[in-house]
Amino acid sequence: MQPGPPRGATESLDVTVTNDMAATIDGDVIHPVYGTQALVGHMEQVCRNLLVDHLEAGEEGVGHHLDLTQRAPVPIGAEIQLVATVAQVSSQRLMCEVVVRHGGRMVARGSVDQRIVRTRDFAAEISG
């Protein structure tokens, strides 16, 4: 990886919670709120946005570790903002802290740790 984003760099992602983001298990809506699956996807997305411009040809970031605490439910239709901040960076890793807010209130927080891998090595690992 080229020199990565500096520690403390931030990226934000604004999201409107839609019905397809509801808490769902096996196709059944369990709660009509912003679901964990959608939240995790958005956390990965905002962190990847910090990484992608620093990858070299033949490199990719892959999820390695995720930590998440949800503090309050977010209703369908709500506007939320995810802010990722670079906490640790090296040539083989980018770890971001993520804070999620709705109406100025923190509703979730966590971290996403991405490892930098060679795409050919990763493809070989996938194919087994």
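Side chains are part of it too, since the values below use all heavy atoms of this structure and drop only hydrogens, waters and symmetry mates. The chain is numbered in sequence order, starting from 1.
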Side chain to side chain donor-acceptor pair (under 3.5 Å) involving Arg118 - partner list, sequence neighbours excluded | none
Verdict with supporting geometry, Asp121 and Glu60, side chain to side chain contact (heavy atoms under 4.5 Å, CB included) = CA-CA 10 Å; Asp121 296 340; Glu60 189 53 81; over 6 Å; no
Check Val17, Leu39, Val100 against Val74 for a side-chain contact (heavy atoms from CB on, under 4.5 Å) and give me the one that passes.
-> Val17
Which pair of non-hydrogen atoms, one from Leu50 and one from Cys96, has the smallest distance, and what is that distance?
-> CD1-SG, 3.8 Å
How close do Glu44 and Gly63 get, heavy atom to heavy atom, and via which atoms?
-> OE2-CA, 4.4 Å
For residues Arg93 and Gln88, is any side-chain donor paired with an opposing acceptor at under 3.5 Å?
-> yes
Under 3.5 Å: donor-acceptor pair, side chain of Thr119, backbone of Gly58 = yes
In terms of hydrophobic clusters joined by side-chain contacts under 4.5 Å, are Leu68 and Val15 together?
-> yes
In Å, rounded to the nearest 0.5 Å, how long is the span from CG of Asp113 to CE of Met95?
-> 6.5 Å
Closest non-hydrogen contact found for Val29 with Ala22 is CG1-CB, 4.0 Å
Taking all non-hydrogen atoms of both residues into account, name the closest pair between Gln70 and Tyr34 and its distance.
-> NE2-O, 4.4 Å
Which pairs pass side chain to side chain donor-acceptor pair (under 3.5 Å) with one or both residues in residues 97-108, sequence neighbours excluded?
-> none
Among the clusters formed by ILVMFWY side chains lying less than 4.5 Å apart, do Val98 and Leu13 turn up in the same one?
-> yes
For Cys47 and Leu94, which heavy atoms make the closest approach, and how far apart are they?
-> O-CD2, 4.1 Å
Tell me, which pairs form a side chain to side chain donor-acceptor pair (under 3.5 Å) where one or both residues lie in residues 19-32, sequence neighbours left out?
-> Thr18-Asp20
Find out if a path of hydrophobic residues (ILVMFWY) with successive side-chain heavy-atom gaps under 4.5 Å connects Met43 to Val86.
-> no
Glu56 (side chain) donor-acceptor with Gln2 (main chain) under 3.5 angstrom = yes
Close side-chain approach of Glu79 and Thr16, heavy atoms under 4.5 Å = yes
Same apolar cluster (I L V M F W Y, side chains within < 4.5 Å links), Met21/Leu82 = yes
Nearest 0.5 Å, what's the OG-CD1 distance between Ser90 and Ile116?
-> 7.5 Å
Please report the closest heavy-atom contact between Pro5 and Val89, naming both atoms and the distance.
-> O-CG1, 3.6 Å
Of Gln114, Glu59, Glu11, which meets side-chain contact (heavy atoms from CB on, under 4.5 Å) against Leu51?
-> Gln114
Should Val83 and Ile80 be counted in the same cluster of Ile, Leu, Val, Met, Phe, Trp and Tyr side chains packed under 4.5 Å apart?
-> no
